[in-house]
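Contents: one structure, followed by commentary.
Numbered from 1 within each chain, the chains take letters A, B, ... in sequence-line order.
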Protein chains: 2
Amino acid sequence: MATSSEAEAVLFDLVDLYDRAYQAAAAELSLSSAQACLLGRLDERRGMGALADELGCDASNITQIVVRLEALGLVTRERDPRDRRARLVARTPRGDEINRRFAAAFTFARTTVGRLSPHEQDQLTALLRKALG
Amino acid sequence: MATSSEAEAVLFDLVDLYDRAYQAAAAELSLSSAQACLLGRLDERRGMGALADELGCDASNITQIVVRLEALGLVTRERDPRDRRARLVARTPRGDEINRRFAAAFTFARTTVGRLSPHEQDQLTALLRKALG
DNA sequence: TATTGTTATACTCTATAACTATA
DNA sequence: TATAGTTATAGAGTATAACAATA
């Protein structure tokens with residue numbers, strides 16, 4: 001591992017725990033992490049290309065995930081009337097419901113931040129913003 | 001997304017960037033994240049079950065990853081003389097070399113923490129430790 | 001009988017390359 | 001000709017269930 005300093009080691013633990021909690025919350029709703037993540041990006045409907053950019057992966061990958069979510073009845077894929085090559089992905093009412101339940105199930109970030117006082121939360125935010133450059 | 005507060009949103013960004021950087025560093029060495037991660041756990045040789053516990057996944061999964069690392073010449077799998085059911089996984093010299101190069105390539109945590117003063121690094125460590133409970 | 005690990009199988013994530021439809 | 005997305009294909013991660021060898 002590349003974690004020589006204390007701070008680096010704590011960062012590693014944080015990321016590890018965060019990822020596991022995210023996956024566990026998704027699993028409670030029988031979703032993969034990738035499915036839950038994509039579903040969470042659909043507060044506004046979006047094209048496939050935009051989703052690929054946001055999630056940092058190939059468009060063909062997005063197609064696969066969206067096809068599965070569509071089969072589960074959680075999203076729809078409509079032709080964009082202004083550009084008939086494009087497709088707009090949107091959550092169905094059931095997709096909204098599942099997304100809400102995922103947000104409720106993923107307590108890690110809330111719980112973690114909630115252990116700090118408001119002042120400490122501000123400190124943490126400032127430090128991480130500076131660290132992220 | 002379940003990130004209502006500022007602090008939660010920054011945590012999300014941090015985890016996202018960390019994961020991407022980890023994967024990119026592994027890819028530089030033609031490894032998957034899981035392979036790089038497992039390789040990093042072998043400073044001491046370990047049994048398959050111990051690895052499964054540490055990585056939080058099924059033993060059959062570890063078998064797959066180890067078989068691939070073995071095929072790449074990065075680890076060996078020897079019978080434990082004290083319990084012939086068990087197998088001890090260890091890095092080869094080439095595995096050591098690749099692991100060093102991965103640690104050098106994964107600069108994210110170092111760079112990120114390095115943007116903070118020593119005092120700020122201590123603050124961050126203390127805040128995250130408290131937050132993680 | 002219980003434990004360690006493997007094998008068989010199946011599903012998902014992911015990328016690359018070739019393709020279709022539209023612009 | 002260029003762009004948005006899909007399809008075909010392949011490699012890897014992951015889990016479950018059934019299995020072998022050893023304790």
Distances for protein N/O vs nucleotides 15-21 of chain C N/O pairs under 3.5 angstrom?
unit_1, atom_1, unit_2, atom_2, d
C:dA15, OP2, A:D58, N, 2.7
C:dA15, OP2, A:N61, ND2, 3.3
C:dT16, O4, A:S60, OG, 2.7

Any donor-acceptor N/O pair, [X] side chain to [Y] backbone, under 3.5 Å:
| X | Y | result |
| --- | --- | --- |
| A:T125 | B:E6 | no |
| A:Q121 | A:V113 | yes |
| B:E120 | B:S117 | yes |
| A:R46 | A:R41 | yes |

Walk me through whether A:D16 and A:R20 qualify under salt bridge (charged side-chain N to carboxylate O under 4.0 Å, His left out).
CA-CA 6 Å; A:D16 190 32; A:R20 290 187 199 206; 3.2 Å; yes
Which part of the nucleic acid, if any, lies within contact of A:D83, taking any heavy atom under 4.0 Å across all strands shown: a base, the sugar-phosphate backbone alone, or nothing?
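Sugar-phosphate contact only.
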Using a heavy-atom cut-off of under 4.0 Å over every strand shown, decide if B:I62 touches base, sugar-phosphate, or nothing.
nothing
In terms of relative ring orientation, are A:F106 and A:F108 parallel, tilted or perpendicular, with 30° and 60° separating the classes?
tilted
Evaluate the criterion salt bridge (charged side-chain N to carboxylate O under 4.0 Å, His left out) for residue pair B:R85 and B:D80; output intermediate values, then yes/no.
CA-CA 7 Å; B:R85 293 172 304 179; B:D80 184 340; over 6 Å; no
Distance under 4.0 Å to a non-hydrogen atom of chain B counts as contact; along DNA chain D, which nucleotides mark the start and end?
D:dA12 to D:dA23
Phosphate OP1/OP2 of C:dT6 contacted by B:T63 side-chain N/O (<4.0 Å)
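Answer yes for this pair, as a side-chain N or O of B:T63 is under 4.0 Å from OP1 or OP2.
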NZ/NE/NH1/NH2 to OD/OE distance under 4.0 Å, A:R94 and A:E97
no
